[in-house]
Amino acid sequence: MYHIVMAIGPKSVGRDSITEKNPMLIFGVITVDGHLSYDDFIVPVEKLVGEQWRLRATTTKDKKFVPYENFNLDEHIHKVPDPAQNGETTESFISKCAEHTFDPSKPRWDFQFFHTKKIFKGMVRRKTARYQLEGQKDERFDEKEEEEEEENTRTILVFRAHHVIGDGMSFFYMLERMVEISRGSQALTRGVSQFSKLVVVRRQPIPCYKFLMWPLMSCYILPGMACMRRDAQCTIKPCGSELNGEKQIFWCKPLPIVEILQIAGSEGSESITSVLLSICSGAIRNFLESKGETPVRDIKAIVPFSLRSEKQTNLENKVSCLFVEIPVSESKRSERLRKCCRRMDDLKSGPYALIAVLLMAFVTFILPSSWLGWIQSYYVDRCSLIFSCVPGPRQTRKICNRRVESVFGFPPTVGNLALSIATFEFGGYVRIGMMTSKVKTGAGMRGLAEEFNKEFEELSELAAERSRRRGTTTFL
């Protein structure tokens with residue numbers, strides 16, 4: 001059911017494993033309500049760069065960080081025009097940003113900063129136009145129109161950095177630190193507020209009797225990991241030679257956490273991750289069926305997890321991963337949800353994470369560095385996607401007195417993998433973003449994001465129907 005191996009560790013990241021198809025970028029998109037000025041934004045970034053020395057360093061051939069003498073912050077914050085001015089969508093522009101390759105002789109990170117208009121406009125502009133058409137000038141509407149235009153502005157920040165600087169969790173801690181700086185907090189520990197809770201570390205108690213089963217469980221986990229079966233090629237797992245290196249970024253509509261918990265509660269669970277895995281399995285199955293590829297076997301996802309404590313917030317790589325089977329072969333939606341809940345319960349109460357940490361230490365510190373690339377390729381070739389799930393705060397954040405609307409993180413694809421999916425809990429919603437590699441032929445995976453929205457709605461109806469049958473309403 002589960003297989004474990006170290007996919008990203010200090011040595012493998014330090015190898016600067018850039019390929020034409022995968023530039024190994026840690027990629028994040030932040031949307032801010034209103035017009036965040038460039039001058040205000042650069043203040044917390046400048047403070048952050050002063051604290052995190054890796055942002056001012058470059059790497060040598062022997063995998064060491066050295067200060068970059070000619071560092072200039074202006075070269076790393078690029079204010080660009082609204083893509084709509086050039087007839088380009090925001091989605092297309094951000095997708096192109098994900099294809100960037102940094103100069104290894106310089107610090108490898110930057111921000112793309114631009115303003116755009118929100119999709120939904122207010123009624124004020126149409127009313128003002130009618131008054132002007134009828135020749136009835138009204139200064140009150142003109143003033144209100146300017147205020148409405150200001151409120152309809154959205155600031156988009158695109159952050160990208162090479163994986164050698166830090167792991168995906170580093171992106172969220174950087175954002176939290178910028179929030180702290182912008183509100184003037186002085187309660188700092190190692191450069192980050194000791195009250196930093198942008199990324200929540202969840203740990204559930206494990207019953208004692210399950211600890212006694214760990215040695216026996218390890219006896220079948222390790223052989224299963226050594227003989228992992230390769231996933232079949234399909235639209236989401238094309239042949240490596242079909243990838244052309246271009247990236248596409250998609251995101252789904254925000255999913256309310258309250259409804260996700262109601263879905264989990266219908267199976268007697270409280271796991272948000274279980275529901276998200278079920279949504280992912282259903283969306284992929286429906287997407288493949290629309291392509292005439294009904295899956296007959298489950299597929300495996302690389303699920304990275306952080307080795308950090310809440311106080312370890314510096315830029316560094318502390319990541320291991322689990323390989324989890326996603327039940328795409330199951331046709332019944334209720335059974336997919338039940339399987340995901342059961343598998344996540346087993347995962348959290350079993351020795352999987354402990355074995356992953358021990359294996360990471362063995363591979364990193366015992367085996368020769370030349371073996372790391374082969375080990376990574378062996379296991380990546382047997383999976384179909386990367387699935388990252390990061391718990392976050394139920395409250396929103398502000399940066400420079402502007403509300404952060406949404407946060408999306410995108411883990412880099414590895415090897416010939418063409419799909420990575422990232423979920424992040426923020427402000428009472430789960431944000432789902434996905435990064436895909438374009439293929440040389442075919443329509444790609446454009447319709448996959450819509451399938452996530454449809455699957456969530458179907459699961460919500462399923463949970464509501466179960467509540468009606470029981471004559472109760474689930475509140476979690």
Spacing of Lys106 atom NZ and His76 atom NE2 [to the nearest 0.5 Å]: 8.0 Å
With a 4.0 Å cut-off, would you call Glu325 and Lys339 a salt bridge? no
Are side-chain heavy atoms of Thr90 and Phe114 found at a separation under 4.5 Å? yes
As a quick check of understanding, evaluate side-chain contact (heavy atoms from CB on, under 4.5 Å) for Val407 and Leu175, giving each step before the final call. CA-CA 9 Å; Val407 180; Leu175 175 59; 3.7 Å; yes
Heavy-atom closest pair, residues Cys97 and Gln112: SG-CG, 4.0 Å
For residues 382-390, which side-chain donor-acceptor pairs fall under 3.5 Å, sequence neighbours excluded?
from: Arg382; atom 1: NE; to: Met228; atom 2: O; distance (Å): 3.0
from: Arg382; atom 1: NH1; to: Tyr378; atom 2: O; distance (Å): 2.9
from: Ser384; atom 1: OG; to: Asp231; atom 2: OD2; distance (Å): 2.8

Side-chain (Thr58) to main-chain (Pro104) donor-acceptor, under 3.5 angstrom: yes
How are the rings of Phe426 and Phe424 set to each other: parallel, tilted or perpendicular (split at 30° and 60°)? parallel
Less than 4.5 Å apart, any side-chain heavy atom of Ser331 and any of Arg285? yes
In this structure, OG of Ser271 is separated from CG of Leu277 (nearest 0.5 Å) by 8.0 Å
Would you indicate whether the side-chain heavy atoms of Lys454 and Asn286 approach each other to under 4.5 Å? no
Counting only heavy atoms from other residues, nucleotides and ligands, does the tally under 6.0 Å from CZ of Phe113 exceed 12? yes
Checking Glu330, Glu458, Glu455 against Arg336 for salt bridge (Lys or Arg N to Asp or Glu O under 4.0 Å), the one that qualifies is Glu455
Where is the tightest heavy-atom contact between Arg431 and Pro254, given as atom of each residue plus distance? NH1-CG, 3.3 Å
Derivation of the side-chain contact (heavy atoms from CB on, under 4.5 Å) call for Val80 and Phe93: CA-CA 11 Å; Val80 298; Phe93 173 80; 3.8 Å; yes
Which residues pass the ring pair (Phe, Tyr, Trp, His ring centres under 6.0 Å) test with Phe250, not counting sequence neighbours? none
Between Ser460 (side chain only) and Phe456 (backbone N and O only), is there a donor and an acceptor less than 3.5 Å apart? yes
Evaluate the criterion side-chain contact (heavy atoms from CB on, under 4.5 Å) for residue pair Arg402 and Asp33; output intermediate values, then yes/no. CA-CA 6 Å; Arg402 293 289 182 180; Asp33 185 36; 5.9 Å; no
Is the backbone of Leu55 close enough, under 3.5 Å, to the side chain of Trp109 for a donor and an acceptor to pair up by distance? yes
Rounded distance (nearest 0.5 Å) linking atom SG of Cys280 with atom CG of Leu419: 7.5 Å
Is there a side-chain contact between Val29 and Ile156 (heavy atoms, below 4.5 Å)? yes
Could you report the tightest heavy-atom contact between Ala283 and Leu448, atom names first, then the distance? O-CD1, 3.8 Å
In the structure I gave you, are the side-chain heavy atoms of Val430 and Leu276 within less than 4.5 Å of one another anywhere? yes
On a heavy-atom basis, which atom in Lys237 and which in Ala232 lie closest, and how many Å separate them? CD-O, 3.7 Å
Looking at Cys252 and Asn453, what are the two nearest heavy atoms and their distance? CB-OD1, 3.3 Å
Please report the interatomic distance CZ(Arg108) to CZ(Arg54), rounded to the nearest 0.5 Å. 11.5 Å
Say you draw a straight line from OG1 of Thr31 to CG of Leu157; how long is it, rounded to the nearest 0.5 Å? 8.5 Å
Look up atom CH2 in Trp251 and atom CE in Met435, then write down how far apart they are to the nearest 0.5 Å. 11.5 Å
Minimal heavy-atom distance between Cys341 and Glu267, with the atoms involved, is SG-CB, 3.9 Å
Suppose the criterion is salt bridge (Lys or Arg N to Asp or Glu O under 4.0 Å): which pairs have a residue in residues 350-363, not counting sequence neighbours? none
Taking salt bridge (Lys or Arg N to Asp or Glu O under 4.0 Å) as the criterion, tell me which of Arg338, Arg333, Lys332 meets it with Glu335. Arg338
Begin from the C-alpha positions of Ile165 and Ile26 and carry the test side-chain contact (heavy atoms from CB on, under 4.5 Å) through to its verdict. CA-CA 9 Å; Ile165 292 179; Ile26 297 298; over 6 Å; no
Name the orientation class of the two ring planes belonging to Phe159 and Phe111 (parallel below 30°, tilted from 30 to 60°, perpendicular beyond 60°). tilted
With a 4.5 Å cut-off on side-chain heavy atoms, are Arg297 and Ser329 touching? no
Under 3.5 Å donor-acceptor, Ser377 side chain and Trp374 backbone: no
Just so I know, are the side chains of Phe65 and Val164 near enough to count as touching, which here means a heavy-atom distance under 4.5 Å? yes
Any side-chain heavy atom of Pro327 within less than 4.5 Å of one from Cys340? yes
Got a salt bridge between Arg468 and Glu465, using NZ or NE/NH1/NH2 to carboxylate O under 4.0 Å? yes
